[in-house]
Amino acid sequence: MNKVKIGILGLGNVGTGVWKILNTNKEEIRKRSGYDIEVGKILVRDVNKDRGIDVPKELLTENPEDVLKDDSIKIVVEIMGGVDPAKDYILEAIRNKKHVVTANKMLLATEGDELFTAAENEGVAFYYEASVAGGIPIIHAINESLTANKIEQIIGIINGTTNYILTKMTFDNMTFEAALKEAQEKGFAEADPTSDVEGYDAMYKLAILSSLSFGTRINIEDIYREGITKIKPIDIKYAKDFGYIIKLIAIVKEVSGKLEMRVHPAMIPERHPLASVNDSFNAIFIRGNAVGDMMLYGRGAGDLPTGSAVVSDIISILRGSTDVEAISAVRNNYLNIKPSPMENTESEYYVRISVMDLPGVLGEISTIFGEEGVSILSVMQKGKREEFASVVYFTHTTLEGNIDKAIEKIKASGHVKCIDNIIRIENIQ
Ligand code: NAP
Ligand code: HSE
């Protein structure tokens, strides 16, 4: 049997999953890849940390050169996260003619071009299946299985941590903080969970999906981003009352020759399949002009699901399809599609406002909406004989630019305490 040595950068949540899979499925991996995979070295920050897994201490190192400069190591797996020093380590591995597998969406979304080009120049493979939606083979699907299509749109739940939090808040009345803590304990969250809860992680993943699907370079600044920290239990309740579930969604679609790309919480109809995607599960709806609608569903985060994607990438490299993805990733940037400005986006809206409980106030606000071309579907007021009342508006479909202008005027009204929340409603079919 052939033998191959790999080096791993990082032994945290994903690294632990990779280690377990390489050992548990050793026999299957040997048969499928034709290789006995030996882990040569694993880079960590602290070799003395208790990791709760049985990894021989002599495999651990705090010196990156032990992985990057070892000629016997043929594949480097980067699962440490962040841009610095991960980028330099990957570039050094590529210069040293090592194939690379990474799960690092932040790095790919911000520095991907340089890495793909370096891999192409050196003729090594650069695989990244785990970078989007954990164990779901979405990169492979777009890069290989759907290439006959013109992709028209993608709508997905692509962050496990926020989906876990929203699920717990919606169905178990858990607080945001308690649910986030559980997501961290389960290994779903990023090292800095701000990346999850403020929508950055989903934005990086959407940049990767958009680039591969629409064949264009994506500047992450062109993606509209909002997280879930402003979602309150009262918003979840109003959503339920109107037949919606709140999810953090990522959308890319071509509208009038431009790309609309956005990540934000949205109310989606409770009967839509995406509304039933709970806990750390992810799902991605793709519409191709030949295949029609399809949905990929599975675990979007965690040690074993993510490890599954990483180890499958290693096996793909060993099977000899070494340069296909590296080259196709570079050549996917064959178009130059401009981003569509957010004010051109069309949506329905939920707007929760605290107003002075006085005669004529509702009329005043409704008039402002009307002046800016926003048609009201329904309005509700809660709170009796208090200084301030909570008023909730559901609008018909309108332009984001119209809502922005109306909200500015409403904020300026002397009868309005504050705009408590604005949530888009995606009446997806
Ligand atoms: P993690 O639990 O924080 O683990 C990071 C590992 O990298 C740790 O072992 C750490 O060493 C090591 N490390 C970090 N910086 C280092 C440095 N400068 N020098 C040496 N070692 C360093 O992270 P994770 O959750 O496994 O995520 C890893 C990557 O996978 C990230 O890019 C993440 O976005 C991506 N990803 C994660 C998931 C998930 O479900 N968690 C899913 C898909 C993709 P110590 O252990 O000694 O501190
Ligand atoms: N923190 C990420 C998430 C990990 O929660 O989805 C998977 O990419």
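Both counts, for ligands and for their atoms, begin at 1 and track the order of listing.
- Across all their heavy atoms, Asn149 and Ala290 have their closest contact at OD1-N, 2.8 Å.
- Close approach to Phe188 involves these atoms of ligand 2, each under 4.0 Å from a residue heavy atom: 1 (N), 2 (C), 3 (C), 4 (C), 5 (O).
- Residue Val14 has at least one nitrogen or oxygen atom sitting less than 3.5 Å from a nitrogen or oxygen atom of ligand 1, judged on distance alone.
- Distance check, rounded to the nearest 0.5 Å: CG of Asp404 to CD of Glu343 gives 7.5 Å.
- Which parts of ligand 1 touch Asn104 is read off a 4.0 Å heavy-atom cut-off, strictly below it: atoms 32 (O).
- The closest protein non-hydrogen atom to atom 28 (C) of ligand 1 is Ile79 O, 3.3 Å.
- Atoms OG1 and NZ, on Thr61 and Lys41 in that order, are 6.0 Å from each other to the nearest 0.5 Å.
- The existence of a salt bridge linking Glu190 and Lys105 is confirmed by a sub-4.0 Å separation between a basic side-chain nitrogen and an acidic carboxylate oxygen.
- The protein atom (non-hydrogen) at minimum distance from atom 3 (O) of ligand 1 is Ala191 CB, 4.1 Å.
- Considering both main-chain and side-chain atoms, Ala189 never comes within under 3.5 Å of ligand 2 through any nitrogen or oxygen pair.
- For atom 35 (C) of ligand 1, the closest non-hydrogen atom on the protein side is Ala103 O, 3.4 Å.
- Near Asn159, with a cut-off below 4.0 Å to any heavy atom, the atoms of ligand 2 are 2 (C), 3 (C), 5 (O), 6 (O).
- Using a 4.0 angstrom heavy-atom cutoff, Glu78 does not count as in contact with ligand 1.
- Looking only at protein heavy atoms, the nearest one to atom 32 (O) of ligand 1 is Gly81 CA, 3.2 Å.
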(request) Applying side chain to side chain contact (heavy atoms under 4.5 Å, CB included), run through Ser347 and Thr397 and close with a yes or a no. (result) CA-CA 5 Å; Ser347 188; Thr397 301; over 6 Å; no

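- Atoms of ligand 2 found under 4.0 Å from any heavy atom of Asp196 (numbered from 1 in listed order, with element): 1 (N), 2 (C), 3 (C), 5 (O).
- Salt bridge absent: Lys405 and Glu408 never bring a charged side-chain N and a carboxylate O closer than 4.0 Å.
- Residue Glu190 holds the heavy atom nearest to atom 33 (C) of ligand 1 of all those in Arg45, Lys186, Glu190.
- Numbered from 1 in the order shown, with element, the atoms of ligand 1 that lie under 4.0 Å from a heavy atom of Leu43 read 20 (C).
- Only side-chain heavy atoms of Pro85 come within less than 4.0 Å of ligand 1; its backbone N, CA, C and O stay farther off.
- Of the protein's non-hydrogen atoms, Arg51 NH1, 2.8 Å is the one closest to atom 46 (O) of ligand 1.
- Considering each of Lys49, Met80, Glu129, the one bringing a non-hydrogen atom nearest atom 7 (O) of ligand 1 is Met80.
- Remark: Thr162 OG1 to Ile228 CD1 distance equals 5.5 Å, nearest 0.5 Å.
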(request) For the pair Glu78 and Tyr89, evaluate side-chain hydrogen bond (donor to acceptor under 3.5 Å, both in side chains) and give the outcome as yes or no after the intermediate values. (result) CA-CA 8 Å; Glu78 186 276 306; Tyr89 292 175; over 6 Å; no

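- Residue contact check: Gly187 has heavy atoms under 4.0 Å from atoms 39 (C), 40 (O), 41 (N) of ligand 1.
- Around NZ of Lys230, the count of heavy atoms belonging to other residues, nucleotides or ligands within 6.0 Å exceeds 12.
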(message) Run Arg352 and Asp235 through salt bridge (Lys or Arg N to Asp or Glu O under 4.0 Å) and show every step you take.
(response) CA-CA 8 Å; Arg352 180 163 60 84; Asp235 301 314; 2.8 Å; yes

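- For ligand 2 and Glu190, the ligand atoms under 4.0 Å from any heavy atom of the residue are 1 (N), 2 (C), 4 (C).
- Residue-level proximity to ligand 1 for Glu62 is absent, since no heavy atom of it falls below 4.0 angstrom.
- Annotation: Asn13 places an N or O atom under 3.5 Å from an N or O atom of ligand 1; distance criterion only.
- Comment: Glu426 engages Arg262 in a salt bridge, judged by a side-chain N to carboxylate O separation of less than 4.0 angstrom.
- Closest protein heavy atom to atom 5 (O) of ligand 2: Thr161 OG1, 2.6 Å.
- Crowding of Phe281 atom CZ: a count of heavy atoms from other residues, nucleotides or ligands under 6.0 Å exceeding 12.
- A cation-pi arrangement is present between Lys417 and Phe388, with the terminal nitrogen or guanidinium carbon under 6.0 Å from the aromatic centre and inside a 45° cone about the axis.
- Here's the thing with Leu11: one of its N/O atoms is less than 3.5 angstrom from an N/O atom of ligand 1.
- For the residue pair Ser195 / Asp201, no side-chain donor-acceptor distance below 3.5 Å is found, with atom types taken as modelled.
- More than 12 heavy-atom neighbours from other residues, nucleotides or ligands sit within 6.0 angstrom of CG on Asp46.
- Contact annotation: Gly302 has at least one heavy atom less than 4.0 Å from an atom of ligand 1.
- In terms of polar-atom proximity, defined here as any N/O pair under 3.5 Å, Lys205 does make such a contact with ligand 2.
- Residue Thr306 touches ligand 1 through its side chain alone, judged by heavy-atom distances below 4.0 Å.
- For atom 23 (O) of ligand 1, no protein heavy-atom neighbour is found at a distance under 4.0 Å.
- Close N/O approach between Gly12 and ligand 1 is found [any backbone or side-chain N/O within under 3.5 Å].
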(request) Determine, stepwise, if the pair His272 / Tyr244 fulfils ring-ring contact (aromatic ring centres under 6.0 Å, His included). (result) CA-CA 9 Å; His272 191 274; Tyr244 296 110; over 10 Å; no

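- For NZ of Lys237, the number of neighbouring non-hydrogen atoms (other residues, nucleotides, ligands) closer than 6.0 Å is 12 at most.
- Residue-environment remark: CZ (Arg424) exceeds the threshold of 12 foreign heavy atoms within 6.0 Å.
- Of the N or O atoms in Asp201, none lie within a sub-3.5 Å distance of an N or O in ligand 1.
- Between Gly187, Gly160, Gly81, Gly300, it is Gly300 that holds the heavy atom closest to atom 7 (C) of ligand 2.
- Neither the backbone nor the side chain of Thr306 has a heavy atom within less than 4.0 Å of ligand 2.
- In the vicinity of Ala301, heavy-atom distances shorter than 4.0 Å reach the ligand 1 atoms 40 (O).
- Atom CZ of Arg32 sits in a sparse spot, with 12 or fewer heavy atoms from other residues, nucleotides or ligands closer than 6.0 Å.
- For ligand 2, the atoms closer than 4.0 angstrom to any heavy atom of Lys105 are 2 (C), 4 (C), 7 (C), 8 (O).
- Using a 4.0 Å cut-off to heavy atoms of Ala130, the atoms of ligand 1 that qualify are 43 (C), 44 (C).
- We find that Glu38 and Lys3 are not joined by a salt bridge, their nearest charged nitrogen and carboxylate oxygen being 4.0 Å or further apart.
- Polar contact with ligand 1: absent for Gly10 (N/O pair, distance under 3.5 Å).
- Proximity of Lys105 to ligand 1, defined as any heavy-atom pair under 4.0 Å, is confined to the side chain (atoms from C-beta onward).
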